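Just below is one structure, and these are the notes that go with it.
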Amino acid sequence: NSKQIQGYDQLPKQADLCIIASSLKDVMCLFEMGIPAIAMQSEMQLPLRTTIDTLRQRFKQVAVFYDNDFTNPNNPGQRMAQKICKEYSLRNIYLPEDYGVKDLSDYIAQFKRTEGLKTLIDIQL
């Protein structure tokens with residue numbers, strides 16, 4: 001349900017950034033990169049306002065990093081990311097289509113590194 005948030009119990013009390021990711025797999029990748037992150041039970045679930053408010057109290061910046069399934073004409077991950085960002089005035093981080101991967105764990109698997117992801121996150125914030 002909407003009160004079960006993946007990665008929430010592992011968040012630090014405070015930090016500069018927290019990312020709302022699309023899956024637990026992506027949350028774990030971000031944690032390994034030193035970036036606190038959470039994921040809802042479904043990428044199609046809108047976070048509760050109380051969740052966003054709590055994150056804003058603990059983190060200087062909150063952003064969304066959902067899949068960019070550019071092979072799907074509906075691109076549901078990016079549609080939902082845009083909806084969340086519009087609803088809560090958050091930044092949307094996404095992988096450009098020319099990277100050829102739809103999510104950050106695929107990026108790490110394909111390129112065997114995280115440096116480019118950190119740069120991408122910094123640029124899009």
Side-chain angles (χ1 to χ4, degrees):
N1 66 34
S2 61
K3 293 182 182 177
Q4 295 173 322
I5 302 171
Q6 301 169 82
Y8 190 85
D9 292 339
Q10 288 73 37
L11 291 175
K13 291 193 185 295
Q14 294 182 324
D16 289 335
L17 173 64
C18 180
I19 292 180
I20 302 170
S22 59
S23 69
L24 180 58
K25 172 178 66 169
D26 292 342
V27 167
M28 293 186 316
C29 290
L30 288 162
F31 266 79
E32 285 297 313
M33 294 168 54
I35 301 171
I38 61 167
M40 307 311 295
Q41 290 296 313
S42 164
E43 191 177 54
M44 296 298 112
Q45 179 183 345
L46 185 69
L48 297 173
R49 180 164 299 281
T50 55
T51 300
I52 300 299
D53 290 345
T54 300
L55 292 174
R56 283 192 163 130
Q57 290 170 7
R58 294 173 59 181
F59 300 92
K60 292 178 184 173
Q61 191 163 21
V62 179
V64 178
F65 195 158
Y66 274 16
D67 294 356
N68 186 9
D69 191 2
F70 46 84
T71 60
N72 180 336
N74 295 325
N75 202 346
Q78 279 306 297
R79 288 183 64 178
M80 189 60 179
Q82 291 167 3
K83 181 177 180 176
I84 294 168
C85 290
K86 183 177 180 181
E87 179 74 20
Y88 299 119
S89 299
L90 302 176
R91 299 294 295 230
N92 183 25
I93 302 167
Y94 62 92
L95 289 164
E97 185 176 339
D98 60 342
Y99 282 34
V101 293
K102 71 174 191 154
D103 64 29
L104 61 103
S105 60
D106 289 346
Y107 178 99
I108 294 168
Q110 180 167 329
F111 298 107
K112 309 290 188 250
R113 60 190 179 95
T114 61
E115 293 82 13
L117 283 174
K118 287 185 178 184
T119 301
L120 178 75
I121 290 167
D122 290 341
I123 288 170
Q124 292 187 20
L125 289 177

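Just so you know, these numbers come straight off a predicted model, no measurement behind them.
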Step by step, would you call D26 with D67 a side chain to side chain contact (heavy atoms under 4.5 Å, CB included)?
CA-CA 10 Å; D26 292 342; D67 294 356; 3.7 Å; yes
d(Q82 CD, K86 NZ) to nearest 0.5 Å is 10.0 Å
Search all heavy atoms of C29 against all heavy atoms of L104 and return the closest pair with its distance.
CB-CD1, 3.3 Å
Verify, without hydrogens or angle tests, whether Q124 (side chain) and Y94 (backbone) share a donor-acceptor contact under 3.5 angstrom.
yes
Return the CZ to CZ distance between R56 and R49, rounded to the nearest 0.5 Å.
8.0 Å
Can you tell me how far CG of L125 sits from CG of L120, rounded to the nearest 0.5 angstrom?
9.0 Å
Is Q4 reaching over with its side chain to a backbone N or O of Q41, donor-acceptor style, under 3.5 angstrom?
no
Do other residues, nucleotides or ligands put more than 12 heavy atoms under 6.0 Å from Y107 OH?
yes
Going through the distances and angles, do Y88 and L46 end up as a side chain to side chain contact (heavy atoms under 4.5 Å, CB included)?
CA-CA 10 Å; Y88 299 119; L46 185 69; 4.1 Å; yes
With sequence neighbours left out, the residues meeting side-chain hydrogen bond (donor to acceptor under 3.5 Å, both in side chains) with D16 are K60
Look only at the side chain of N74 and the backbone of P76, and say whether a donor-acceptor pair between them is shorter than 3.5 Å.
no
Answer yes if I108 and L24 sit in the same cluster of Ile, Leu, Val, Met, Phe, Trp and Tyr residues linked by side chain heavy atoms under 4.5 Å apart, and no otherwise.
no
Measure across Y66 and M80 and return the closest heavy-atom pair with its distance rounded to 0.1 Å.
CE2-CG, 4.1 Å
When rounded to the nearest 0.5 Å, the distance separating CG of D103 from NZ of K25 is 4.5 Å
Please report the interatomic distance NZ(K102) to CG(D69), rounded to the nearest 0.5 Å.
5.0 Å
Note, L95 side chain near F65 side chain (heavy atom, < 4.5 Å)
yes
Heavy-atom pair of closest approach, residues M40 and I5
CE-CG1, 4.1 Å
Indicate the atoms forming the closest heavy-atom contact of I121 with M33, along with that distance.
CD1-CE, 4.4 Å
Are L11 and I52 in one and the same hydrophobic cluster, where Ile, Leu, Val, Met, Phe, Trp and Tyr link if side-chain heavy atoms are under 4.5 Å apart?
yes
Minimum heavy-atom distance A15-P12, with the two atoms named
CB-CG, 4.0 Å
pair F70-D98: side-chain heavy atoms closer than 4.5 Å:
no
Can you tell which of I19, I93, I84 makes a side chain to side chain contact (heavy atoms under 4.5 Å, CB included) with V64?
I84
Supply the atom-to-atom distance I38 CD1 to L30 CG, rounded to the nearest 0.5 angstrom.
11.5 Å
Can you give me the closest heavy-atom contact between V27 and G7, atom names plus distance?
CG1-CA, 4.2 Å
Can you classify the ring geometry of F111 versus Y99 as parallel (below 30°), tilted (30 to 60°) or perpendicular (above 60°)?
perpendicular
